[in-house]
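Below is one structure, written out as structure tokens, with a few remarks after it.
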2 protein chains.
Amino acid sequence: MDNRLATAGVVGLSPLYRRVEDRILKDLAAGQWRSGEPIPAETKLAKRFDVSIGTVRKAIDELVARQILVRHQGRGTFVAVHDEDRALFYFFRVVARDGIKKYPTSELLSFSEGRADPAQAAALRIPRGAPILRFRNRLAIEGRALILDRIAVPQSLFPGLDEATLRERPSTIYSLYQSRFGINVIRASERLHARTCARETARALGLAADTPILEIRRIAYSYNDAPVEYRISQVDTRDHDYLNDLGRNAGT
Amino acid sequence: MDNRLATAGVVGLSPLYRRVEDRILKDLAAGQWRSGEPIPAETKLAKRFDVSIGTVRKAIDELVARQILVRHQGRGTFVAVHDEDRALFYFFRVVARDGIKKYPTSELLSFSEGRADPAQAAALRIPRGAPILRFRNRLAIEGRALILDRIAVPQSLFPGLDEATLRERPSTIYSLYQSRFGINVIRASERLHARTCARETARALGLAADTPILEIRRIAYSYNDAPVEYRISQVDTRDHDYLNDLGRNAGT
DNA sequence: TTCGATTTGTTCGTATGTATT
DNA sequence: TAATACATACGAACAAATCGA
């Protein structure tokens, strides 16, 4: 098999380093290397793709910036892992109003199979009525129930996912997606608004019926912008805030 | 004057490219080059700092990633400008629930001098009671009043800023900070929560007294993490969302 | 309009340093 | 210690975009 990306004398449309980047991403999406595993050394990749090592480095630089890969001097370059820390500091943005970020505890409230409603179908880019898995999760910080998550995922992506697996997962949900199903959540888009909480939410979080809450609709994506999860979170923000830094690491 | 950052044969503590980066940042903070102006060409900087052009490029790469500089092939490298687009797509995250981002129109409601209350003092890192300027701004999208901003800035940073200047500004507020006072807002941290709207907000936005609204507390920073503005926004999110992408450009 | 000078963008290669195994 | 892998730094050559003569 010829892995070379450049053909002598002929110039491609996009820069070489971007084609290398795409190629690595494609292998990643194909499950060529699993999370936490090292990808081949820069010199190896340079040979395989028949480009200079500088070009490989530039491609990897971009993937590291996107938090898809992680470099370790002297050890190698690894597929990013969604460990506790990453999930918490990257995808979990709720923090006490005047305090430090605490680890939330999670409690599975319900689990069922179902069919995608229009909103879920649109978010997950699957047909209406396609089989999905639904579950509800309650998060507490320092013993206080604060967040109710309603999560929907396509059944096709998570074969065999059941209530026991979810309940007994050792770490975060995204960590489970990764270790059990090989699905890496690498980005998410969220839409937030304020609303009064519904009865169900009020009951789950112990709130009065008209309490204003923060509702977050999140679509989580894997490689190639494939949506893998749709989640609606209801957050009691009476004593907590949703944190967002603009321009800290460029872009968002 | 000797601008060299490296001394022959001696290695510094931090990498050379980072020292170059810091040096450029320092010149930027000192107002050496104003927004929109080009910085010297890479070859010039390489000579000035007595490093290779590759090292200068790496330093500039980081500043470009942080959106502090902008490169244009064939023209040069420029200090980032807060034009309409940047302010809108970078710092303004409110969008119609089922639609595209629209340009908001702004209306100055009030302007006054005052003294920093404890929250403002803490956010702006100035003493309590230090002189500040306060103003309120109402933003509308497609003719509908949606957002009430209460803004506080230290008087010391904005000498001569008055109501007329604010009212007649041609573009965004951050654009005014930049063109009139040489202050560049390069990042911001925001804390969001849901609450019922206060009487004043209800009046300004034409809402019922108990409508749930999204409150955003933003601290805007210039170079060297110096806070320059404290802003509390009240957003009517009945038909609009606050948009946030996690992991799109790495980091946030 | 053409041409040349300037500036950043891309790609290559080499040498050396530092961390890990 | 030796081998391996990434990190830093240097520089060359050419491409592509821009701008002014």
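Side chains included, hydrogens not; waters and symmetry mates left out as well; all remaining heavy atoms used. Predicted, not measured: the structure shown is a model, and the values here were computed from it. Sequence lines set the chain letters: A, B, ... in the order given, protein chains first and strands last, and positions in each chain run from 1.
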task = Whole angstrom is fine here: how far is it from CD in A/E42 over to P in C/dG13?
result = 15 Å
request  = Rounded to the nearest angstrom, tell me the gap between atom CZ in B/R57 and atom P in D/dA12.
outcome  = 16 Å
query = Just how far, in rounded Å, is P of D/dA9 from CD1 of A/I53?
reply = 16 Å
ask   = Hey, is A/R217 close enough to B/D241 for a salt bridge, meaning N to O under 4.0 Å?
value = no
task = Answer yes if the ring centres of B/F92 and B/Y103 are under 6.0 angstrom apart, and no otherwise.
result = no
Residue A/R75, side-chain atoms from C-beta onward, closest of C/dT20, D/dA5, C/dT11 = C/dT20
query = Where the side chain of A/A41 is defined as all heavy atoms beyond and including C-beta, which of C/dT11, D/dA9, D/dC6 is the nearest nucleotide?
reply = D/dC6
inquiry  = Without decimals, in angstroms, what is the distance between A/I39 CD1 and D/dT4 C1'?
reply    = 15 Å
message = Less than 4.0 angstrom between a side-chain N/O of B/K58 and OP1 or OP2 of D/dT8, yes or no?
response = yes
Nearest-angstrom distance from the residue atom NZ of B/K47 to P of D/dG11 = 11 Å
query = Heavy atoms, side chains only, cut-off 4.5 Å: are B/Y174 and B/E229 in contact?
reply = yes
query = OH of A/Y17 versus C1' of C/dG9: gap in Å, rounded?
reply = 8 Å
request  = Can you figure out which of C/dT8, C/dT11, D/dC6 approaches the side chain of A/T55 most closely?
outcome  = C/dT11
message = For the aromatic rings, using the six-membered ring if either is Trp, is the centroid distance between A/H193 and B/Y242 under 6.0 Å?
response = no
key: Length of the line joining A/E21:CD and C/dT10:C1', which is rounded to integer Å   = 14 Å
request  = Please assess A/I141 against A/L139 for the test side-chain contact (heavy atoms from CB on, under 4.5 Å), listing each intermediate value before the final yes or no.
outcome  = CA-CA 7 Å; A/I141 296 182; A/L139 301 186; over 6 Å; no
request  = Give B/G54 one of three labels, base, sugar-phosphate or nothing, depending on what nucleic acid heavy atoms sit under 4.0 Å from its own.
outcome  = nothing
note = Winner on side-chain proximity to A/K44, out of D/dA9, D/dA5, C/dT11, is D/dA5
inquiry  = Please confirm whether the shortest side-chain N or O distance from B/T77 to OP1 or OP2 of C/dT8 is below 4.0 Å.
reply    = yes
request  = Could you check how far CG of A/L16 sits from P of D/dA16, rounded to whole Å?
outcome  = 14 Å
base_contact_polar (C/dG17 base, A/Q73 side chain, donor-acceptor, <3.5 Å) = yes
